[in-house]
Trainee: 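Here it is, the structure, as structure tokens.
Fair warning: this is a prediction, and the values are worked out from it, not measured in the lab. Positions are given from 1 along the sequence.
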Amino acid sequence: MTRITLLADEEHESGYRRWLNSLSTVELVPIDSDMILDLRFLDLTAEVSAAPVVITNILTCSVTSRAAQYPSQTKVIGASLLPKYIDRQKLVECALPFGAEPATTQATSLFANLGKETEVIRDAVGGVFARTISMIINEAAFAVQE
């Protein structure tokens, strides 16, 4: 069982918690966890905790910029996780900070335990899926305006 500390924006925390609590392979703990699942993307100013592995949301900033907030010995892995879609999301895009050694096995095994497949992408804000969805929504809005 993976012991996870969850960090999330207040308005999305209950949804993430409900999803994680529905899984038998995860135990949510406030401290002394195996990894931190940092899913914040609205308020990035809050203090960060130390853990051997941190999986952080890359919807609004790159994993390289998020990794700079953690101690240098922490393995930081970026993941593109949409808050209202996480329970239906079958594939999770993972990214590493620039210059980091490949260390996605922790993320791959965690997401496999959560019933998700992973795909490693280059470090980019949002990831491929979120940016594609945003472009589709923008095109639909332009069509409605016309």
Trainee: Got a sec, which residues hit salt bridge (Lys or Arg N to Asp or Glu O under 4.0 Å) with Glu119, two or more places apart in sequence or on another chain?
Mentor: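 Salt bridge (Lys or Arg N to Asp or Glu O under 4.0 Å) check on Glu119 returns nothing, list empty.
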
Trainee: Is there a side-chain contact between Gln89 and Lys116 (heavy atoms, below 4.5 Å)?
Mentor: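 A side-chain contact exists here, since the closest heavy-atom pair is under 4.5 Å.
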
Trainee: Please evaluate residues Phe111 and Cys94 with respect to the criterion side chain to side chain contact (heavy atoms under 4.5 Å, CB included), reporting the C-alpha separation (whole Å), side-chain torsions for both, the decisive distance (0.1 Å), and the verdict.
Mentor: CA-CA 10 Å; Phe111 288 120; Cys94 295; 4.0 Å; yes

Trainee: Does the pair Ser33 and Ile4 meet the rule for a side chain to side chain contact (heavy atoms under 4.5 Å, CB included), with working shown?
Mentor: CA-CA 5 Å; Ser33 60; Ile4 296 176; 5.5 Å; no

Trainee: Phe41 versus Cys61: any side-chain heavy-atom pair under 4.5 Å?
Mentor: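 Contact flag for Phe41/Cys61 side chains = no.
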
Trainee: When rounded to the nearest 0.5 angstrom, what distance separates OG1 in Thr2 from CG in Leu114?
Mentor: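 Answer rounded to 0.5 Å: 7.5 Å.
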
Trainee: Under the side chain to side chain contact (heavy atoms under 4.5 Å, CB included) rule, what do Ile55 and Met35 come out as? Steps first, then yes or no, please.
Mentor: CA-CA 8 Å; Ile55 297 178; Met35 71 176 52; 3.8 Å; yes

Trainee: Measure the shortest side-chain to side-chain distance between Val54 and Lys75 over non-hydrogen atoms and say whether it is less than 4.5 angstrom.
Mentor: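 No; the side chains remain at least 4.5 Å from each other.
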
Trainee: Identify whether Ile137 and Tyr85 are in the same connected component of the hydrophobic contact network (ILVMFWY, side-chain heavy atoms under 4.5 Å).
Mentor: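 In one cluster: yes.
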
Trainee: Take Leu96 and Ile77, measure what side chain to side chain contact (heavy atoms under 4.5 Å, CB included) needs, and give me the verdict at the end.
Mentor: CA-CA 5 Å; Leu96 296 173; Ile77 301 164; 4.0 Å; yes

Trainee: Looking only at heavy atoms, what is the nearest atom pair of Tyr16 and Leu81, with distance?
Mentor: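 What the structure gives for the nearest pair is OH-O, 3.6 Å.
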
Trainee: Quiz question: by atom type and distance under 3.5 Å, do the side chains of Thr56 and Arg66 form a donor-acceptor pair?
Mentor: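 There is such a pair (donor and acceptor under 3.5 Å, judged by atom type) between the side chains of Thr56 and Arg66.
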
Trainee: So which heavy atom on Ile58 is nearest to which on Gly78, and how close?
Mentor: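 Minimum heavy-atom contact is CG2-CA, 3.6 Å.
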
Trainee: Is there a side-chain contact between Leu59 and Pro83 in this structure, where contact means two heavy atoms from C-beta onward sitting under 4.5 Å apart?
Mentor: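 A side-chain contact under 4.5 Å exists here.
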
Trainee: I need the Ile136 CD1 to Arg131 CZ distance, nearest 0.5 Å.
Mentor: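 Result: 13.0 Å between the selected atoms.
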
Trainee: What side-chain donor-acceptor pairs closer than 3.5 Å can you find for residues 120-127, not counting sequence neighbours?
Mentor:
{"unit_1": "Asp123", "atom_1": "OD1", "unit_2": "Val63", "atom_2": "N", "d": "3.0"}
{"unit_1": "Asp123", "atom_1": "OD2", "unit_2": "Thr64", "atom_2": "N", "d": "3.1"}
{"unit_1": "Asp123", "atom_1": "OD2", "unit_2": "Thr64", "atom_2": "OG1", "d": "2.4"}

Trainee: Answer whether the closest heavy-atom distance between the side chains of Arg40 and Asn57 falls below 4.5 Å.
Mentor: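 Counting from C-beta outward, Arg40 and Asn57 never come under 4.5 Å.
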
Trainee: Which heavy atom in Phe129 sits nearest to a heavy atom in Leu82, and how many Å separate them?
Mentor: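 Result for this residue pair: CE2-CD1, 3.3 Å.
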
Trainee: Return a table of donor-acceptor pairs under 3.5 angstrom between the side chains of residues 18-27 and protein atoms on other chains or two or more places apart.
Mentor:
{"unit_1": "Asn21", "atom_1": "ND2", "unit_2": "Arg17", "atom_2": "O", "d": "3.2"}
{"unit_1": "Ser22", "atom_1": "OG", "unit_2": "Trp19", "atom_2": "O", "d": "2.6"}
{"unit_1": "Thr25", "atom_1": "OG1", "unit_2": "Asn113", "atom_2": "O", "d": "2.9"}

Trainee: Do the non-hydrogen side-chain atoms of Val53 and Thr74 ever get within less than 4.5 Å of each other?
Mentor: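 No; the side chains remain at least 4.5 Å from each other.
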
Trainee: Rounded at 0.5 Å granularity, tell me how far CG in Leu39 sits from CD1 in Ile86.
Mentor: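 Result: 7.0 Å between the selected atoms.
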
